[in-house]
Amino acid sequence: ACDSTDFIFSLTDSPVTLKILQSWAPRVSHYFDKESYTYVGHQIVIQESIEHYGAVVWPGALALSQYLESNQEQFNLKDKKVLEIGAGTGLVSIVACILGAYVTATDLPEVLENLSYNISKNTQNMNMHKPEVRKLVWGEGLHEDFPLSTYHYDFILASDVVYHHAALEALLATMVYFCKPGTVLLWANKFRFTADYEFLEKLGNILNTMILAEFPESDVKLLKVTVREN
Ligand SMILES: C[S@@+](CC[C@H](N)C(=O)[O-])C[C@H]1O[C@@H](n2cnc3c(N)ncnc32)[C@H](O)[C@@H]1O
């Protein structure tokens, strides 16, 4: 999926192709591709978009989906409260729904339309808890929008939320905010830059971090993060 996006972006270097893409724009809208995945015996069709980082499926989402499917006994999501941060296209949240969780999928406002579309398309008319899609901008309004007196999550899911962006401090604060006693944060990320390892180190200074799995073919590491017991 990412390759197709790169292809479109690189094509825009050519003025001729750019003209063709522009003339397409009003008719094809900004959605350009659908990808199909199978997890837990369900076919999941994901609509992707060329408009935003969160609108394509990243390798961390594939790793986390595969891990949740293969480790259902160790991490049983049935009837558990699950929050996904930076949910993007919603693949991981959909897998969590299929596994029986009460899911809240969150992301930036501009991503929510495509996220809601994918989640409702893949979960409607199915015998599962109805998922919720909400805005959650890292570090913003958490006490107001997700007060801890009301919201306690069994699992926080996050895939490829650490990449080259300016919100890493806010992301760290968000992970720490939601990671309370009894909560397991499952974070899958492709490790590319020094900043990724620095983020892991900072997280490890505050919470318990443990590598659960590595996916060498995609450089993804999957970590279990929990609160430190004194
Ligand atoms: C690299 S994408 C990964 C998407 C998806 N989790 C996946 O693995 O396919 C990063 C996601 O984080 C979201 N994001 C980036 N900055 C954010 C912020 N400040 N607050 C909330 N979400 C943010 C993006 O919108 C995007 O959906």
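Indexing begins at 1, ligand by ligand and atom by atom, following the structure's order. Heads up: numbering here begins at 1 and tracks the sequence.
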Task: Backbone N/O of Val103 and side chain of Glu132: donor-acceptor pair under 3.5 Å - done: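 No, because the side chain of Glu132 does not come within donor-acceptor range (under 3.5 Å) of the backbone of Val103.
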- [ ] Without swapping roles, check the side chain of Asp154 against the backbone of Thr183 for a donor-acceptor pair under 3.5 Å.
- [x]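 Side chain of Asp154 to backbone of Thr183, a donor-acceptor pair under 3.5 Å: no, none is there.
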Open item on the list: Quick one about Ser36 and Gln43 (side-chain donor to acceptor, distance below 3.5 Å, no hydrogens or angles considered), yes or no?
Closed with: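 Gln43 vs Ser36: donor-acceptor pair found between side chains.
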TODO: Answer yes if the side chains of Asp79 and His129 hold a donor-acceptor pair under 3.5 Å, and no otherwise.
DONE: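 Yes, His129 and Asp79 have a side-chain donor paired with an acceptor closer than 3.5 Å.
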Could you tell me, atom by atom, which parts of ligand 1 come under 4.0 Å of a heavy atom of [X]?
X      : result
Ala167 : 19 (N)
Val111 : 25 (O)
Gly86  : 4 (C), 5 (C), 6 (N), 11 (C), 12 (O), 13 (C), 27 (O)
Tyr163 : 1 (C), 10 (C), 15 (C), 24 (C)
Val56  : 9 (O)
Val57  : 9 (O)

Task: Closest approach of Ile85 to Met175 (non-hydrogen atoms, all atoms of both residues) - done: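 Minimum heavy-atom separation between Ile85 and Met175: CD1-CG, 4.3 Å.
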Open item on the list: Counting only nitrogen or oxygen atoms and a 3.5 angstrom limit, does Trp58 reach ligand 1?
Closed with: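 Yes; at least one N/O pair falls below 3.5 Å.
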Open item on the list: Taking 4.0 Å as the limit for heavy-atom contacts, which would you say applies to Ala87 with ligand 1: side chain only, backbone only, both, or neither?
Closed with: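 The backbone, only.
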Task: 4.0 Å heavy-atom contact, Leu108 with ligand 1 - done: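 It does, in that a heavy atom of Leu108 comes within the 4.0 Å cut-off of ligand 1.
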Open item on the list: Given Asn114, Leu136, Asp107, Leu112, identify the one with the heavy atom nearest to atom 21 (C) of ligand 1.
Closed with: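 Closest candidate by heavy-atom distance is Leu136.
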TODO: Have a look at Ser159, Gly88, Ala61 and point out the one with the heavy atom closest to atom 3 (C) of ligand 1.
DONE: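 Result: the heavy atom closest to atom 3 (C) of ligand 1 is in Ser159.
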- [ ] Please round to the nearest 0.5 Å and tell me the distance separating atom CD of Glu84 and atom CG of Leu64.
- [x]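 Rounded to the nearest 0.5 Å, the CD-CG separation comes out at 7.5 Å.
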Task: Heavy atoms from other residues, nucleotides or ligands near CD of Gln124 exceed 12 (cutoff 6.0 Å) - done: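 Atom CD in Gln124 is packed in, count exceeds 12.
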Task: Aromatic plane relationship, Tyr153 with Phe146 - under 30° parallel, 30 to 60° tilted, over 60° perpendicular - done: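 Tilted: the ring planes of Phe146 and Tyr153 meet at 30° to 60°.
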